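Report on the following structure.
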Number of protein chains: 2
Amino acid sequence: MVAPPPITNTIRRLRFDHGEMTQQQLADRIGVTRQTVAAIEQNKYSPSLEAAFRIAEVFGVEIGQVFQWTKSGS
Amino acid sequence: MVAPPPITNTIRRLRFDHGEMTQQQLADRIGVTRQTVAAIEQNKYSPSLEAAFRIAEVFGVEIGQVFQWTKSGS
DNA sequence: TTGCAATGTTAAAAATCTTTGACTTTACGT
DNA sequence: ACGTAAAGTCAAAGATTTTTAACATTGCAA
């Protein structure tokens, strides 16, 4: 599949709302690479559930406040 | 898959709390196969973020009420 | 202007998730 | 006992996510 995921996110805003955290710093805290954070921010693909949990934890919010799923189709 | 994921879930309970929904019925509603639901229920692996969103929607709860992430050692 | 940190981007390989198909087991009703 | 639905399990193939490594672009400060 080459279609972008129907899931958007507010990671970029959350990073800057939290001390202008860089992609690298976020990547280090959630245990993925800088490129992975960049790709997720740009909705190239949506992360694993575990990565999503870690990101939400870093920012102290619920997963739903980081990722927005637009129930398309159906 | 080499190690079980540090994410557990309450799908089995939720299915039975919602009219004894079968794995097949849940699978149909979230767009995956029966084997995938079975594997997730048994924590063989954790699902994609999109699958997690769909499951939570079926049961009308937040992702955090379906999946529990135990922030273990990292 | 030059240098540097942050970010954007790509390709290939690795890891993980999902499907398909088949077979087994369990539980329940007749 | 038999038939059936639901669930457990497995292997191989397919799809998606992540890593690794490299190079390009942007913005800002000295």
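Fair warning: this is a prediction, and the values are worked out from it, not measured in the lab. We name chains A, B, ... by the order of the sequence lines, and we start the count at 1 in each one.
For D:dA6, the OP1/OP2 oxygens have no side-chain nitrogen or oxygen of B:Arg12 closer than 4.0 Å. OP1 or OP2 of D:dT18 sits under 4.0 Å from a side-chain N or O of A:Ser48. Within the structure, every side-chain polar atom (N or O) of A:Thr33 is placed at least 4.0 Å from both OP1 and OP2 of D:dT20.
For B:Arg34, the side-chain contact (heavy atoms from CB on, under 4.5 Å) partners at least two apart in sequence or on another chain are B:Gln23, B:Gln24. For B:Thr33, the side-chain hydrogen bond (donor to acceptor under 3.5 Å, both in side chains) partners are B:Thr36, not counting sequence neighbours.
For A:Gln23, whose side chain is taken as the heavy atoms from C-beta onward, the closest listed nucleotide among C:dG8, C:dT18, D:dT19 is C:dG8.
Rounded to an integer number of Å, the gap from CG of B:Asn43 to P of C:dC17 is 11 Å. One interatomic measurement links the two molecules: CD of A:Glu41 to C1' of C:dT9, which rounds to 14 Å at whole-angstrom precision. We find that CD1 of A:Ile55 is positioned 13 Å from C1' of D:dT18, with the value rounded to whole Å. Taking atom CD of residue A:Gln24 and atom P of nucleotide D:dT19, one finds them 11 Å apart after rounding to whole Å. The CG-C1' distance, from B:Leu26 to D:dA7, rounds to 13 Å in whole Å. In this structure, A:Gln25 atom CD and C:dA5 atom P are separated by 13 Å, rounded to whole Å. Remark: P of D:dG8 and OH of B:Tyr45 are 13 Å apart, rounded to the nearest angstrom. For the pair A:Ile11 CD1 and C:dG8 P, the interatomic distance rounds to 12 Å; values are reported in whole Å.
In terms of modelled atom types and a separation under 3.5 Å, the side chain of A:Thr10 and the main chain of A:Gln65 share a donor-acceptor contact. A distance-only check finds a donor-acceptor pair linking the side chain of A:Gln42 to the backbone of A:Ala38 [under 3.5 Å]. For the pair B:Thr22 (side chain) and B:Gln25 (backbone), a donor-acceptor distance under 3.5 Å is present. Remark: the backbone N or O of B:Val37 is not paired with any side-chain donor or acceptor of B:Glu41 at under 3.5 angstrom. Judged by distance alone, with hydrogens and angles left aside, the side-chain atoms of A:Asn9 form a donor-acceptor pair with the main-chain N or O of A:Ile40 at under 3.5 Å.
DNA chain D is contacted by B:Arg15, B:Thr22 of residues 15-22 of chain B, taking any non-hydrogen atom closer than 4.0 Å.
The structure places CZ of B:Arg54 at 8.0 Å from CD of B:Glu57, a figure rounded to the nearest 0.5 Å. The CG atom of B:Leu26 lies 9.5 Å from the CG atom of B:Leu14; values are rounded to the nearest 0.5 Å. Taking OG of B:Ser46 as the reference point, atom CZ of A:Phe53 lies at 9.0 Å (rounded to 0.5 Å). Rounding to the nearest 0.5 Å gives a distance of 8.0 Å between CZ of B:Arg29 and CZ of B:Phe59.
Residues B:Ile7 and A:Glu50 are in side-chain contact: their nearest non-hydrogen atoms beyond the backbone lie under 4.5 Å apart.
When heavy atoms are screened at a 4.0 angstrom cut-off, A:Thr36 is found touching base atoms of the nucleic acid.
Within 6.0 Å of CD on A:Gln68 lie more than 12 heavy atoms contributed by other residues, nucleotides or ligands.
For the helix from C:dT1-D:dA30 to C:dT30-D:dA1, the end axes, each set by the C1' atoms of five terminal pairs, are bent relative to each other by 40° (nearest 10°).
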Problem set entry | side chain to side chain contact (heavy atoms under 4.5 Å, CB included) evaluation trace for A:Leu49 with B:Ile63 | CA-CA 10 Å; A:Leu49 182 57; B:Ile63 283 186; 4.2 Å; yes
Please tabulate the protein-to-nucleotide N/O contacts below 3.5 Å involving nucleotides 25-29 of chain C, giving atom names and distances.
none

Using the 3.5 Å cut-off, write out each protein N or O paired with an N or O of nucleotides 9-12 of chain D and the distance between them.
{"unit_1": "D:dT9", "atom_1": "OP2", "unit_2": "B:Gln42", "atom_2": "OE1", "d": "2.4"}

